*Asks:* 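Below is one structure. I have some questions about it.
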Amino acid sequence: MERIDHLEHLDKHLVDELAQVARETIRDELREQTRKQRRRATLYAASGAVALYAGAALALALGLALDIGLPGWAAALITAVILGALAYALRGAARPHPATGPTAGGEARLSHAARSAGHGPVAGAMPPAGPAAGLGTPYPPMPPAPPVAPGDRAPVAGADGIDPENPHHRA
């Protein structure tokens, strides 16, 4: 019996040691990935700051060039309008655009209010194009006629053979 207890103790010790090694390995790997990502983020931030100053210098040069033939206030106003239009165009380009190609259920359509507000499709706003597995329509097909109870009579077509209950036969 002592030998089995000793083996259980060894198994438990081995599992604890293995878990400790796994934790240290994962911690070291995450630390290395974080270091690389921090360096990349710093380089992106520096790049953005330099681009901001380059844009400011370009705007100043444009204003000074316009100031040659115009009053200073007009040159500054024209430069501001140009920068505003550029910012608006960049904002529009940064927005995610909804899928414009045909899908299984037709084309994706947004209401005019949603398009003008700049929002993409809202989850649940449109029925799904099909089930996730792609096995056909998401809803069962509509029966050609309403169900008839055992004691009821089926709708009778008029004398001209047109069913008055069928909305497709109404004028």
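Keep in mind that the numbers below use all heavy atoms, side chains included, and drop hydrogens, waters and symmetry copies. Worth saying up front: this structure is predicted, and the values here are computed from it rather than measured.
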*Asks:* Other than Leu62, what residues sit in its cluster of Ile, Leu, Val, Met, Phe, Trp and Tyr side chains whose heavy atoms are under 4.5 Å apart, directly or through others?
*Replies:* Leu66, Leu70, Ile78, Ile82

*Asks:* Using every non-hydrogen atom in the two residues, find where Ala75 and Gly63 come nearest and quote the distance to one decimal.
*Replies:* CB-O, 3.5 Å

*Asks:* Leu83 and Ala59: which non-hydrogen atoms are nearest, and at how many Å?
*Replies:* CD1-CB, 3.7 Å

*Asks:* Between Ser47 and Leu43, is there a donor-acceptor pair closer than 3.5 Å when you use the side chain of the first and the backbone of the second?
*Replies:* no

*Asks:* When you look at Gln20 and Arg23, which way does the side-chain hydrogen bond (donor to acceptor under 3.5 Å, both in side chains) test go after all the steps?
*Replies:* CA-CA 5 Å; Gln20 179 67 26; Arg23 276 193 296 268; 3.0 Å; yes

*Asks:* Would you mind listing every salt bridge (Lys or Arg N to Asp or Glu O under 4.0 Å) that reaches into residues 25-38, with sequence neighbours excluded?
*Replies:* Asp28-Arg31, Glu32-Arg35

